[in-house]
Structure formats: structure tokens, C-alpha cells
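Model, not experiment: these values are computed from the prediction.
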Amino acid sequence: MDMHTVVVGTSGTTAQDVIAVARGNARVELSAAAVSALAAAREVIDALAAKPEPVYGVSTGFGALASRHISPELRAQLQRNIVRSHAAGMGPRVEREVVRALMFLRLKTVASGHTGVRPEIAQTMADVLNAGITPVVHEYGSLGCSGDLAPLSHCALTLMGEGDAEGPDGTVRPAGELLAAHGITPVELREKEGLALLNGTDGMLGMLVMAIADLENLYTSADITAALSLEALLGTDKVLAPELHAIRPHPGQGASADNMLRVLAGSGLTGHHQDDAPRVQDAYSVRCAPQVTGAGRDTLTHARLVADRELASAVDNPVVLSDGRVESNGNFHGAPVAYVLDFLAIVAADLGSITERRTDRLLDKNRSHGLPPFLADDAGVDSGLMIAQYTQAALVSEMKRLAVPASADSIPSSAMQEDHVSMGWSAARKLRTAVDNLARIVAVELYAATRAIELRAAQGLTPAPASLAAVEALRAAGVEGPGPDRFLSPDLAAADAFVRAGKLVEAVEPVTGPLAR
């Protein structure tokens with residue numbers, strides 16, 4: 001377990017803290033201010049619970065059943081039952097990092113003091129995270145409105161000692177056994193607490209935060225591979241000049257162009273073809289790389305803004321306000337998060353598409369300006385990277401399907417009480433697949449471009465120092481290109497792992513200096 005500790009206060013959290021808990025197993029602690037805010041809000045709920053007038057979420061049913069007043073002796077049962085009934089997810093298990101992010105972000109809202117949950121409930125949430133216990137959460141069950149209901153319910157079920165969970169050793173066991181093994185007492189829910197554990201955008205937000213972090217790496221990696229391909233194709237770097245991008249001042253475009261220019265510094269290949277076989281212009285996939293990747297960067301900036309606002313939010317219904325009022329609201333609607341999840345899937349698909357076009361150009365002897373067909377060692381005897389491009393094309397085709405917005409759909413639920421939903425969870429799930437696919441697509445271009453750079457060096461040309469650093473780092477990681485004494489199957493999985501871990505960016509930055517993320 002990572003000894004780093006994240007302190008949860010009353011004012012939200014950061015993307016870095018989410019990733020530290022979700023992926024780095026950081027410990028979680030409640031601040032003294034959070035404990036005080038929890039206790040103060042609970043006093044408000046207890047006072048309302050003692051009154052004869054019905055209060056939604058405290059002494060009533062939920063959703064379409066909100067009109068029923070629940071007598072005091074049935075309220076604990078009501079809170080247990082909402083968790084049990086809502087834990088109705090189906091399908092494959094959701095990844096451990098997503099569930100940890102989900103739990104941590106729900107704890108973040110609980111700790112705000114706006115939910116009316118007792119301090120001991122919040123402490124149990126922290127204890128479960130710190131013990132490395134991960135509830136079994138399923139793929140399907142959230143409509144992205146009224147919270148990520150089924151996923152959060154499966155987490156709440158674990159707090160009650162019910163359902164299944166995965167222990168720190170990776171074994172799935174009954175949650176009650178795991179809690180007992182770690183000295184954690186199951187919670188007994190009181191008024192409003194079951195509802196407060198379920199009513200948030202935490203799952204879709206956690207996946208957004210992690211997707212942004214992954215895409216920051218992939219967009220920088222894509223700038224590098226685009227530069228390598230431009231160089232291997234003997235393209236011109238004049239289109240990357242800062243003064244050209246200054247007259248169309250999109251920040252992302254300028255950052256991507258600058259990244260590519262840094263990678264190409266000192267290259268003896270760029271523009272080499274113009275000496276004896278002039279080309280007026282490079283193809284769009286080469287010439288317009290900064291415009292496409294840069295637009296994706298700007299979309300990331302907007303997504304980061306939305307995520308930061310959501311990370312600072314307390315999402316529940318009803319909420320306890322600072323003046324003591326308890327008010328119903330619609331802040332659980334996932335539209336703000338769902339939209340940017342869909343935006344990111346669109347730009348990831350387009351980046352994958354332009355990346356594949358550069359790979360195809362590297363492999364086509366009629367367009368590669370002197371490279372062998374399919375970058376093969378002995379074309380005809382072997383097919384080189386022909387089928388690597390097929391794999392890349394298949395991934396791009398799936399990316400286009402994943403780019404269809406989930407947030408444009410809505411299916412009414414709860415007897416038409418919840419008649420417009422965000423589908424944000426679905427948008428997040430498909431974005432995770434899109435991000436995985438994009439890493440693979442960039443890895444194929446890297447594999448092809450580094451092979452092409454090696455071939456250009458063998459032709460007596462001088463690649464840029466950063467390009468050679470990328471080639472050397474990839475080979476040092478055990479990712480071999482095809483050659484007469486090498487196994488001919490492309491090592492694409494290893495190239496994917498290299499890109500995904502940020503190793504490509506690490507390899508070139510000692511030469512280029514820090515690149516824009």
C-alpha cells in the first residue's frame with residue numbers, strides 16, 4: 001500500500017487525489033473540519049426526523065414513492081432496503097480503480113457536511129478504502145441521473161456487510177467476512193443515510209478524471225509519433241513555425257506544433273525530398289497534425305474545467321444547506337459530466353483516425369518516398385507491418401462507433417418521475433474503451449515510425465536526436481522491429497505498454513525539454 005495520505009475536507013478534492021486513491025492505493029483520512037461538519041448536518045436531520053411533518057429522504061419513500069410518509073419504526077428498514085433494492089447491477093465487473101474512485105468521491109461529498117450522514121458512516125467508508133476492500137460493482141445499472149445508483153448501491157452494500165467484495169489479495173469473498181477480517185464493523189443506516197450513499201455522479205466523474213490523465217499522456221505521445229512520421233516521410237517542418245500558429249491562436253494547436261518542432265530539432269530528414277523530387281505540400285494527415293491534436297487538447301482543457309467544478313461539488317438530494325434548510329434539488333443530473341465524456345470520445349476517435357492515416361502512408365511504397373513496401377525487411381518474403389495496419393484500422397473503426405454520443409439518449413424511469421436522464425455512466429464506460437484503443441493506435445504508429453526512422457538512418461540520413469532517443473528507448477524496453485535476425489511478428493502489445501506508461505514522453509524529454517501536456 002502507498003503510504004501517501006489524502007485528507008478529505010469539506011471543500012471537495014482534486015484530480016490528483018482521486019488518482020492517488022484509485023490507482024495509487026493512497027490512504028484516506030477525514031479532516032477535523034469534515035467530522036465537525038458531518039456532526040452538525042446530522043443534528044439537522046435528527047431534528048427533522050423527530051417532527052411529524054414528512055421530509056423527503058428523511059421520513060418519506062423515494063422517487064415515484066416519495067408521497068408515502070414512513071413511520072419512525074420503519075425508517076432504518078427503509079434505508080437498508082433502498083440499498084438492497086438498488087444494488088441491481090448486472091454484467092461484467094467494473095475495474096478496481098473505478099470502484100475506488102467511486103467510493104472516494106462519494107466520501108468526498110459525504111464529508112462536505114451537506115448530506116446529513118453521521119461521522120461514523122464516513123469513517124467506515126475511509127476504513128474500507130484503506131483496507132483495500134473493493135465492492136463488486138457491475139457494468140450496467142446507472143442511467144447517470146439520481147446518481148450512479150446501482151454502482152453506488154453495491155458499494156453501500158459492502159458498508160453494511162452484505163454482498164460480495166474483493167479483498168486486497170484479489171480474492172472475492174462475502175463482504176461481511178472481509179470487514180470482520182479487517183476489524184471493520186458494518187454500518188447500521190439511519191434516516192437519509194441510505195439515500196445519501198447512492199445519490200451522486202461519482203462513478204462517471206471518477207472515470208472522467210482518469211480518462212483526462214490518460215489522454216494528457218496520449219496526446220503528447222501522439223505529437224511525438226506524428227513528428228516521427230513526418231520525419232520518416234521526409235516531410236517539411238516549416239508548417240510547424242510558431243508564426244503560422246500565432247495567426248490562428250488556438251492554444252492546443254500551438255502547443256502541439258511546438259511539441260512536434262522540439263522533437264524534430266536537428267533533423268537531417270525534414271524537407272530532404274525537396275532537393276530532387278519537390279512536393280508542394282505534405283498530406284493533411286502530416287501537415288494538419290497540430291490542428292487535429294491541438295483541438296483535442298483544447299477539448300481536454302474544457303473537460304478538465306468541468307471535472308474540477310464537479311470535484312468541488314456536493315452532489316446529493318436532498319441537501320443540508322448552511323442555514324439549516326434541507327432542500328430537494330436536481331444537482332444529481334449527470335449532464336455536465338456526460339457531455340464532456342462524449343466530447344472526449346469524439347476527439348479520441350478523430351486522433352485515432354489521423355494517426356492511422358500516417359501509418360498507412362509509411363507502409364505504402366507509392367507514398368513513403370523511398371521506404372520499402374510495408375517497411376518489410378524482405379518484401380514478398382515477409383509482409384512487414386501490413387497486418388499491424390489492419391489491426392490499427394479495426395481499432396479506428398471501433399473508435400468511430402464509440403464516438404456516438406451516449407448523452408443524446410434518455411430512457412424514462414421510476415414511473416416517469418425520472419423522465420430525462422443523462423446516460424453519463426454509459427458515456428464514461430465507452431470512453432474508457434476508447435482511451436484503451438487510442439493507446440493501441442498510437443503504439444502502432446510508434447512501432448512503424450521508429451522502424452522507418454531506422455531505415456532512413458540505414459540510408460545514410462541523420463534523424464533528429466529526439467527521434468533516435470525514442471528508437472533507443474523503445475528497443476531498450478525490448479520492443480524489436482522487424483529485421484533479418486529478428487522475429488517477424490510485430491511486438492505491438494509491448495509498444496502499447498510503452499506508450500501507456502508514458503515511457504515515450506520520458507524518452508524524448510531529456511532531449512526536447514518539457515513537452516506540453
Side-chain angles (χ1 to χ4, degrees), residues 12-13 15 18 22 63 86 88-92 94-95 97-106 108-109 137-156 195-215 299-300 302-317 329-349 401-414 417-436:
T13 190
V18 174
H86 284 42
M90 294 181 70
V94 172
E95 303 86 355
E97 67 178 19
V98 172
V99 179
R100 286 185 61 82
L102 177 73
M103 290 193 295
F104 173 68
L105 287 168
R106 196 68 217 142
K108 173 268 297 183
T109 282
V137 173
H138 299 280
E139 180 90 18
Y140 303 106
S142 173
L143 300 181
C145 201
S146 296
D148 288 319
L149 290 175
L152 283 163
S153 297
H154 283 281
C155 292
L195 185 62
L197 294 176
L198 315 184
N199 222 336
T201 57
D202 310 292
M204 64 183 92
L205 175 59
M207 287 185 275
L208 173 62
V209 167
M210 290 186 284
I212 290 170
D214 293 339
L215 288 169
T299 305
L300 267 180
H302 174 61
R304 199 178 297 114
L305 174 64
V306 171
D308 288 344
R309 288 171 175 165
E310 198 76 359
L311 288 168
S313 301
V315 178
D316 193 16
N317 179 47
N329 65 92
N331 285 342
F332 49 73
H333 200 288
V337 182
Y339 294 161
V340 292
L341 288 162
D342 280 333
F343 294 165
L344 292 178
I346 291 169
V347 298
R401 294 191 294 273
L402 292 167
V404 175
S407 58
D409 188 26
S410 176
I411 297 181
S413 56
S414 192
Q417 176 71 6
E418 299 165 10
D419 59 352
H420 183 81
V421 296
S422 79
M423 296 297 180
W425 173 274
S426 298
R429 296 305 295 165
K430 70 184 183 65
L431 177 60
R432 283 182 68 79
T433 303
V435 170
D436 279 347

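In terms of heavy atoms, Ala314 sits closest to Thr109 at CA-OG1, 3.8 Å. Across every non-hydrogen atom of Leu341 and Ala427, the tightest pair is CB-CB, 3.8 Å. When all heavy atoms of Trp425 and Glu139 are compared, the closest pair comes out as NE1-O, 2.8 Å. For the residue pair Ala345 and Lys430, the shortest heavy atom distance occurs at CB-NZ, 3.8 Å. Residues Leu152 and Leu102 share a closest heavy-atom pair of CD2-CD1, 3.7 Å. Heavy-atom minimum distance, Gly334 versus Thr201: CA-CG2, 4.1 Å.
Inter-residue side-chain proximity for Tyr339 and Val306 is flagged as unmet; no heavy-atom pair is nearer than 4.5 Å. With contacts defined as side-chain heavy-atom distances shorter than 4.5 Å, the pair Met210/Val98 qualifies. In this structure, the side chains of Arg304 and Leu300 come closer than 4.5 Å at one or more pairs of heavy atoms. Side-chain atoms of Glu310 and Val315, non-hydrogen and from C-beta on, do get closer than 4.5 Å to each other. Taking the side chain as every heavy atom from C-beta outward, Ser422 and Leu143 never approach each other to under 4.5 Å. Proximity of Ser407 to Met423: side-chain heavy atoms (C-beta onward) are nowhere separated by under 4.5 Å. Here the side chains of Ile212 and Leu344 are in contact, with some heavy-atom distance below 4.5 Å. You'll find the side chain of Leu431 stays beyond 4.5 Å of the side chain of Met207, heavy atoms only.
Among residues two or more places apart in sequence or in another chain, the side chain to side chain donor-acceptor pair (under 3.5 Å) test is passed with Asp409 by none.
Using modelled atom types, one side-chain atom of Arg106 and one backbone atom of Ala196 make a donor-acceptor pair closer than 3.5 Å. Proximity of a side-chain donor or acceptor of Asn317 to a complementary backbone N or O of Asn329 within less than 3.5 Å is detected. Side-chain atoms of Ser410 come within 3.5 Å of backbone atoms of Val421 as a donor-acceptor pair (strictly under, hydrogens ignored). Side chain of Lys108 to main chain of Ser313: a donor-acceptor pair is present (N/O by atom type, distance under 3.5 Å, no hydrogens or angles).
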Practice problem: Might you work through the side chain to side chain contact (heavy atoms under 4.5 Å, CB included) test for Leu149 and Ser142, ending with a clear yes or no? | Solution: CA-CA 6 Å; Leu149 290 175; Ser142 173; over 6 Å; no
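Checking Glu95, Met103, His154 one by one against Val137, the side-chain contact (heavy atoms from CB on, under 4.5 Å) holds for a single residue, His154.
If you take CD1 on Ile411 and CG on Asp419, they are separated by 13.0 Å, rounding to the nearest 0.5 Å. Considering CG of Asn199 and CG of Asp148, their distance stands at 10.0 Å, rounded to 0.5 Å.
In Phe332, the CZ atom is crowded: over 12 heavy atoms of neighbouring residues, nucleotides or ligands sit closer than 6.0 Å.
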